[in-house]
Every structure is written in C-alpha cells, then in structure tokens.
Amino acid sequence: MASEGKNTKSNVNGYYELTVPANKKIQLVFTHVSLKKNTVTLELKPNEDYEFNLVLNDRAEGLGEVVVIANNKKRIQGVVTIEPQVIRRIPGANAGVENILKSLPGVNSNNELSTQYSVRGGNYDENLVYVNEIEVYRPFLIRSGQQEGLSFTNTDLVQNVDFSAGGFQAKFGDKLSSVLDITYRRPTKFGASLDASYLGGAVSVEAASKNQKWAAITGVRYRDNSLLVNSQETQTNFRPTFADVQTNVTFNPSTRWQFSFLGNISK
C-alpha cells in the first residue's frame, strides 16, 4: 500500500503499519499482484491510531481473440519451415513448393521445367510427402512426362510447410532421402482468391459455418505450358495442359474429435 510517496507491505499474517500526515485528506492505495487494486480516502487527527482492514476482490481479466502466426524459425533441428507467402511469390516456370525446395542445401533437380527433385544423391522416388498427415503415394505424385507442369500441392490452400532432408522422426516411415510435410489451412470465415497468367490460372474458395464446426476449402487450377514448349526448336504435337480440383472438408463435432476429407481430381 502507498500514500504520498510513502509505502509499506503487510507481513505473512496480513498486519501492516503506515504513518501519514494529520488533518489532511490522503488516499491510500492497496495493491496485490493477483487482486484488484483499491483506493481509500482518509483524514486522521494528530496522534490518532486508526485500524483499517480491507478485503480485496479477485482480479479476472478476459482476453479477446488471439491469433497465433507461425514464424520462419526452425522448430526442430533439421526441419525447415517455409512460409506460404514465399511459396506463392517465388518466380519460376512451375509454381509450387518444389521451386523452393530446389534452392535448399542438398536438394537437386536436373530439369528446371520439372517439379521433381532428389535429395543428397538419392532417387526421385525416395522422398516422402504428407498432406494433412495423409501420405501421398508415388502414383499420385509428379512423374517424368506426367503432371510435370503442375505440382501436386495447391499453394493457395497451404497453411504450413515443413521440409526435412534428414534426421526426421520415425513416424514418417523408412524413406531414405527426405520428408515434405504439408498442412492445408482450416478456414474460419468466407474468403476467395483468383490468380491468372499466360500459363494458366487458379481459383480458391473457403468458408466455415457459424458455429465453426464445419469448414471447407476448395481450389481449382489450370496449367498450359504451350508457350514454353513452342519456344523450343523441336516441333511436336504434344500439348502440356494440366488441370486439377482439390478440396478439404473438416468437421469438428467437439473439441476432442475432428474428421476431415481431402479429395483430389486431376487431368
């Protein structure tokens, strides 16, 4: 407690003593780290002893909405976290997560028009890919001559990307080279985005129910690499056009349970 620059504190039993000026209105301020502050006005006579027992109320503070944003720091040694904004803005013939991975140490690619990559001298099929904790097997990933112009991952739907070129956890299986762990975001409100260029376009839509139990996000992409192919000296009748639709639906019946559906249709 304090008054006009003078202060004191109570002992373990709650007793305290404070000398204040007489014949003068003063304000005593009582404070405690976990209780509400209280102010009392007193005016004492000369040589008057005044006993005052105060009861402080509990202090409870309510916080508003808290938004937690992941930073670019490595959460685990050997795991690189890539910001989704960086993935969407990086220039390249093929937009996608793989453009970033090729710039990391130990990651190699022998074709700038392909999204395939190898790690530390391994083969192209020795890289494990997870999307929303679901393993994406080799037949669905990019292979030579198939879906080369379109990465499996839709960058408009991505919330978090973790990449490890070695030393990853045992839960990721027995792949030899690397692990790419991708998480699609769970929307909390309606949103939409549109991206268009000479090489194609992409549209994404997301929404959530009022009670936040249902949430869905869908992305449609189209890619046409004809401009790149036609610039070569060799003439061909091959038209590299690709398209796909991805959707992620999440249902939260309670705080302990969550059901999700991830679908992909490609052409």
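Just so you know, these numbers use all the heavy atoms, side chains as well, and skip hydrogens, waters and symmetry mates. Keep in mind that what you see is a predicted model, and the values were worked out from it rather than measured.
- Residue Asn264 holds its CG atom at 9.0 Å from CG of Asn154, rounded to the nearest 0.5 Å.
- Through direct or indirect side-chain contacts shorter than 4.5 Å among Ile, Leu, Val, Met, Phe, Trp and Tyr, Val220 is connected to Val245.
- Residues Tyr117 and Leu180 form a side-chain contact, since some pair of their non-hydrogen atoms from C-beta on lies under 4.5 Å apart.
- Residues Thr250 and Ser260 have side chains that never bring a donor and an acceptor to within less than 3.5 angstrom of each other.
- Remark: of the listed residues Asn248, Thr247, Val136, Asn248 is the sole one forming a side-chain contact (heavy atoms from CB on, under 4.5 Å) with Leu262.
- Val20 has its side chain within reach of Leu44: a pair of non-hydrogen atoms, C-beta onward, lies under 4.5 Å apart.
- The shortest side-chain heavy-atom distance between Ile26 and Thr41 does not fall under the 4.5 Å cut-off.
- Shown here is Leu194, whose CG atom has more than 12 heavy atoms of other residues, nucleotides or ligands within 6.0 Å.
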Report the C-alpha distance between Lys37 and Val29 in whole Å, list the side-chain angles of each, state the deciding distance to 0.1 Å, and finish with yes or no for side-chain contact (heavy atoms from CB on, under 4.5 Å). CA-CA 7 Å; Lys37 181 175 68 172; Val29 180; 3.6 Å; yes
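- Pairing each heavy atom of Asn127 with each of Ser118, the nearest pair is ND2-CA, 4.2 Å.
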List the steps and the verdict of side-chain contact (heavy atoms from CB on, under 4.5 Å) for Leu128 and Glu135. CA-CA 8 Å; Leu128 191 62; Glu135 182 179 354; 3.1 Å; yes
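- A distance of 11.0 Å separates CG of Asn11 from CD of Glu17, quoted to the nearest 0.5 Å.
- When hydrophobic clusters are built by joining Ile, Leu, Val, Met, Phe, Trp and Tyr residues whose side-chain heavy atoms come closer than 4.5 Å, directly or via intermediates, Val203 is not grouped with Ile217.
- With rounding to the nearest 0.5 angstrom, the CD atom of Glu83 is 11.0 Å from the CD atom of Gln159.
- The hydrophobic cluster containing Phe163 also contains Val86, counting ILVMFWY residues as joined when their side-chain heavy atoms lie under 4.5 angstrom apart, directly or transitively.
- Note that the OG1 atom of Thr188 and the CD atom of Gln212 stand 6.0 Å from one another [nearest 0.5 Å].
- Between Glu206 and Lys189, none of the side-chain N atoms (NZ, or NE/NH1/NH2) sits under 4.0 Å from a carboxylate O, so this pair counts as no salt bridge.
- Contacts of Phe261 classified as ring-ring contact (aromatic ring centres under 6.0 Å, His included), with partners at least two apart in sequence or in another chain: none.
- Remark: Asn13 CG is packed, more than 12 non-hydrogen atoms of other residues, nucleotides or ligands lying under 6.0 Å away.
- Relative ring orientation between Phe30 and Tyr16 is described as perpendicular, the plane-to-plane angle rising above 60° on a 0-90° scale split at 30° and 60°.
- Counting heavy-atom neighbours within 6.0 Å of Glu133 CD, excluding the residue itself, gives a total of 12 or less.
- Cluster annotation: Phe251 is not connected to Leu157 through the hydrophobic network of ILVMFWY side chains, with a link wherever side-chain heavy atoms come within less than 4.5 Å.
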Step by step, work out the side-chain contact (heavy atoms from CB on, under 4.5 Å) result for Phe242 and Asp244. CA-CA 7 Å; Phe242 315 98; Asp244 80 336; over 6 Å; no
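- Val249 and Val131 are assigned to two separate hydrophobic clusters, defined by single-linkage of ILVMFWY side chains at heavy-atom distances under 4.5 Å.
- In this structure, the side chains of Lys6 and Leu18 come closer than 4.5 Å at one or more pairs of heavy atoms.
- Distance CZ/Phe52 to CG/Leu28: 8.0 Å, rounded to 0.5 Å.
- Of all the heavy atoms in Asn108 and Arg120, the pair that sits closest is ND2-N, 4.5 Å.
- The minimum heavy-atom distance linking Pro84 with Asn160 is given by the pair CG-N, 4.4 Å.
- Follow the hydrophobic side-chain contacts under 4.5 Å out from Trp214 and you never reach Tyr184; the two are in separate clusters.
- With rounding to the nearest 0.5 Å, the separation of OG in Ser197 from CG in Asp224 is 10.0 Å.
- With contacts defined as side-chain heavy-atom distances shorter than 4.5 Å, the pair Leu56/His32 qualifies.
- Partner of Thr153 under the side-chain contact (heavy atoms from CB on, under 4.5 Å) criterion, out of Ile87, Val158, Val161: Val158 alone.
- Residues satisfying the salt bridge (Lys or Arg N to Asp or Glu O under 4.0 Å) criterion with Arg186, sequence neighbours excluded, are absent altogether.
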Verify side-chain contact (heavy atoms from CB on, under 4.5 Å) between Val205 and Phe190, making sure each step is shown before the conclusion. CA-CA 8 Å; Val205 179; Phe190 177 81; 3.9 Å; yes
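- Pairing each heavy atom of Pro187 with each of Ala216, the nearest pair is CG-O, 3.4 Å.
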